[in-house]
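Computed from a predicted model, the values in this text were never measured in an experiment.
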Amino acid sequence: MTAGTAQKISNAILSCVAGFASFLFSLAALLYLTEFNEKILAAIAAGTFCVLISYVAAERPNSESARALNSLSERLLAVEDGDLVSPAPQALRRSMPKLAAAVDTLFAEVRTSIENAHALGMYDPVTSLPNRLHFRSEADKMLGEVGDQPSAMLFVDLDRFKSVNDSLGHARGDQLLIMVANRLRVVVNGEFSGDVRTRPLLARLAGDEFTIFYPQIKSSAEIERVARRIAVAISEPFELSSHSVDIGASIGCAISPDHGSSIESLMRAADIAMYRAKARGGGQHCLFNADLAAEHQQKVETEKALTDAVQRDEFLLAFQPQMSLVTGEIVGSEALLRWNHPRDGLRLPMTFIPVAERTGVISELGDWVLGEVAATVGGWYRDGFRGRVAFNISPRQLDRPDFFTRMRQAFRDAGVPLSMIEAEFTETAAMEASDTVLAEIAALRADGATIAIDDFGTGYSNLARLRAMPLDRVKLDPSLIEDIETSDKARVIVQAVIHLIKGVECEVVAEAVETVAQADILRAMGCDTVQGFVFAHPMFEDEFLDWMRSADQGAAKSVA
């Protein structure tokens with residue numbers, strides 16, 4: 001073999017070694033952040049070492065090559081201790097300069113890959129703020145450093161951000177998040193006056209959620225002042241691609257050690273307080289307190305108990321009559337859900353339905369109500385009772401494509417004509433229903449069912465949609481009528497709403513009517529039907545049927 005041929009072979013082997021080494025080092029960079037990096041890197045180093053042995057053997061190694069190889073093996077094994085900075089050994093540079101240069105280049109690439117991976121793993125790519133992982137880690141360290149000094153956690157959740165994404169697109173939504181992050185930086189930096197150790201930590205957790213940790217504060221008043229400044233800053237319009245965008249921020253505040261002694265507990269408390277601020281209408285802040293803690297614990301316990309309550313047969317139906325203000329006759333009733341809780345006793349829907357909606361248990365609960373109404377009304381129908389029974393349908397149930405099919409089947413199996421049922425939908429669900437759902441509702445109405453909107457006046461109503469909907473009755477929300485005896489404004493509003501409903505040719509039903517004076521005012525305004533304690537409270541089946549028989553007998557005597 002000629003010297004030139006040997007050199008070519010040597011160079012080819014060197015290229016193969018360098019390429020394989022590049023692969024191994026890239027693999028090392030990828031796995032560097034895993035929990036098992038030490039063993040993996042050791043294996044990679046050993047593998048690289050074996051390859052180098054093959055290379056040295058091809059080069060007809062001498063003692064100098066062996067020393068170079070030994071120094072390189074020591075350098076590679078130092079990766080186990082996290083050394084990615086030291087250059088290739090001098091012995092390797094003297095004996096194999098090309099390989100030494102390749103090793104330095106590979107280590108530089110590994111360091112760059114790790115730094116990039118670290119940046120991607122610790123910072124939000126949109127706002128460049130620390131992400132949830134980074135925030136939890138840094139805030140935990142900061143909390144540990146300040147000891148018993150009071151600290152504060154703020155949760156910031158944007159109001160109406162989803163509408164921006166839906167109307168302007170996600171790219172514009174990202175721009176808005178960047179602008180929000182910049183305003184938050186201004187507020188945080190403006191309120192900071194201390195050393196680096198106590199500098200607040202601002203992060204974006206996910207979506208439109210931001211959080212700020214103040215490792216050291218003087219008082220709760222100080223952190224509430226910051227929260228108010230944030231609410232004001234975010235409430236100012238954002239100029240976004242020739243659009244003036246108005247959003248707001250709901251802010252929850254929690255203070256250590258009163259509301260938690262760990263980052264996790266503080267974040268949970270601030271999150272609970274933020275939801276209370278949002279429930280109040282948004283654009284404001286709320287400081288966590290004992291009442292919120294008790295309410296949250298109640299919700300947690302309710303959520304756990306709800307999952308098994310249907311299987312334990314703990315639910316009941318109560319029935320409340322509805323009376324015509326025109327004729328005085330009983331024109332129907334509403335089936336109302338009750339939870340016979342094993343510890344708390346009888347619980348009303350408002351104490352558990354919101355939790356069921358949030359957790360998804362409402363679908364199973366809705367199925368139970370549907371089956372129970374069908375079975376109960378089926379028995380009444382066979383006994384000659386022909387009254388109409390209304391029941392609520394959850395928006396979650398409408399998300400199921402087979403809901404109307406199963407509903408029809410339930411009443412068909414129970415032998416109940418659709419003319420005996422009234423399906424009640426919430427105002428929001430009715431306004432947001434898809435064309436497919438509206439078509440199903442129209443078909444249900446065409447086959448005899450009565451269609452109603454429940455709690456009208458609490459949601460967003462599109463008047464054009466209201467006019468076009470397949471609809472028979474509209475039930476006024478109780479909040480509209482509670483002050484009509486004493487408030488002129490309340491009477492004006494109710495009168496206007498009744499005219500609106502009559503304008504779309506629907507019957508007006510007022511529920512939670514408690515006094516004769518309220519009923520008289522509603523009758524004068526043109527309300528058709530009332531439901532409430534003014535003449536009948538909700539009753540379980542046997543009591544309800546006895547009440548109805550008594551009412552029928554009274555009506556018969558009156559006629560006679």
Side-chain angles (χ1 to χ4, degrees), residues 281 319-336 349-350 387-393 395 419 421-433 438 441-442 444-445 448-538 551:
F319 299 88
Q320 187 171 34
Q322 297 174 339
M323 182 181 73
S324 169
L325 285 176
V326 178
T327 65
E329 297 176 333
I330 304 303
V331 294
S333 63
E334 181 180 5
L336 302 169
M350 66 183 68
R388 182 177 59 202
V389 177
F391 65 98
N392 293 97
I393 294 174
S419 58
I421 69 164
E422 178 176 317
E424 292 187 1
F425 303 89
T426 65
E427 182 180 6
T428 301
M431 292 303 107
E432 296 179 352
L438 289 179
I441 294 174
L444 201 65
R445 182 170 181 255
T450 301
I451 306 300
I453 288 182
D454 193 21
D455 298 332
F456 186 81
T458 59
Y460 168 76
S461 292
N462 182 308
L463 298 183
R465 166 65 73 92
L466 190 64
R467 186 178 67 249
M469 274 195 65
L471 196 59
D472 298 291
R473 310 173 92 201
V474 177
K475 301 183 72 174
L476 304 181
D477 187 78
S479 63
L480 290 177
I481 66 170
E482 61 183 357
D483 296 327
I484 59 173
E485 290 182 72
T486 57
S487 171
D488 290 338
K489 289 184 179 179
R491 287 192 290 271
V492 169
I493 291 173
V494 172
Q495 184 70 79
V497 172
I498 288 176
H499 279 307
L500 171 66
I501 296 170
K502 293 285 188 177
V504 294
E505 300 180 349
C506 288
E507 182 182 340
V508 181
V509 181
E511 53 186 341
V513 180
E514 297 183 351
T515 67
V516 173
Q518 287 179 333
D520 289 341
I521 293 171
L522 290 167
R523 181 187 295 109
M525 289 180 174
C527 181
D528 301 289
T529 304
V530 291
Q531 171 183 337
F533 287 178
V534 66
F535 73 97
H537 61 273

Any residue meeting side chain to side chain donor-acceptor pair (under 3.5 Å) with [X], in chain and number order, not counting sequence neighbours:
{"X": "E514", "value": "none"}
{"X": "S487", "value": "none"}
{"X": "D520", "value": "R523"}

> Testing D454, T426, D455 for side chain to side chain donor-acceptor pair (under 3.5 Å) with N392, which one passes?
Replying inline: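 Single pass found, and it is D454.
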
> F425: what forms a ring-ring contact (aromatic ring centres under 6.0 Å, His included) with it, not counting sequence neighbours?
Replying inline: none

> Which residue pairs satisfy the salt bridge (Lys or Arg N to Asp or Glu O under 4.0 Å) criterion with at least one member in residues 526-537, sequence neighbours excluded?
Replying inline: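 Listed once each, the pairs are K502-D528.
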
> Any salt bridge (Lys or Arg N to Asp or Glu O under 4.0 Å) pairs touching residues 469-478, not counting sequence neighbours?
Replying inline: E334-K475, E422-R473, E424-K475, R445-D472, R473-E507, K475-E511

Taking atom [atom1] of [X] and atom [atom2] of [Y], what is their separation to the nearest 0.5 Å?
{"X": "L444", "Y": "I451", "atom1": "CG", "atom2": "CD1", "answer": "5.0 Å"}
{"X": "D483", "Y": "T486", "atom1": "CG", "atom2": "OG1", "answer": "5.0 Å"}
{"X": "Q320", "Y": "H537", "atom1": "CD", "atom2": "NE2", "answer": "9.0 Å"}

[X] to [Y] - nearest heavy-atom pair and separation:
{"X": "L438", "Y": "P470", "value": "O-CG, 3.9 Å"}
{"X": "L500", "Y": "F456", "value": "CD2-CZ, 4.2 Å"}
{"X": "L522", "Y": "A510", "value": "CD1-CB, 3.6 Å"}
{"X": "A335", "Y": "F319", "value": "CB-CE2, 3.8 Å"}
{"X": "P538", "Y": "L336", "value": "CG-CD1, 3.8 Å"}

> Hey, does S333 have a side-chain heavy atom less than 4.5 Å from the side chain of F391?
Replying inline: no

>> A side-chain contact here means heavy atoms from C-beta on lying under 4.5 Å apart; do T515 and E485 qualify?
In response: yes

>> Just to verify, which of V509, I521, V508 counts as forming a side-chain contact (heavy atoms from CB on, under 4.5 Å) with C527?
In response: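 Only one option passes, and that is V508.
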
>> I'd like to know whether I453 forms a side chain to side chain contact (heavy atoms under 4.5 Å, CB included) with M469, so could you lay out the CA-CA distance, the side-chain angles of the two residues, the decisive distance to 0.1 Å, and finally the verdict.
In response: CA-CA 10 Å; I453 288 182; M469 274 195 65; 4.3 Å; yes

>> Any side-chain to backbone donor/acceptor pair from R491 onto I484? Under 3.5 Å, distance only.
In response: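 Yes; at least one donor-acceptor contact below 3.5 Å.
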
> So, E427 side chain and G457 main chain: donor-acceptor pair closer than 3.5 Å or not?
Replying inline: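 Judged by distance alone, yes, a pair lies under 3.5 Å.
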
>> Test side chain to side chain contact (heavy atoms under 4.5 Å, CB included) on V494 and V497; report intermediate values, then the result.
In response: CA-CA 5 Å; V494 172; V497 172; 5.7 Å; no

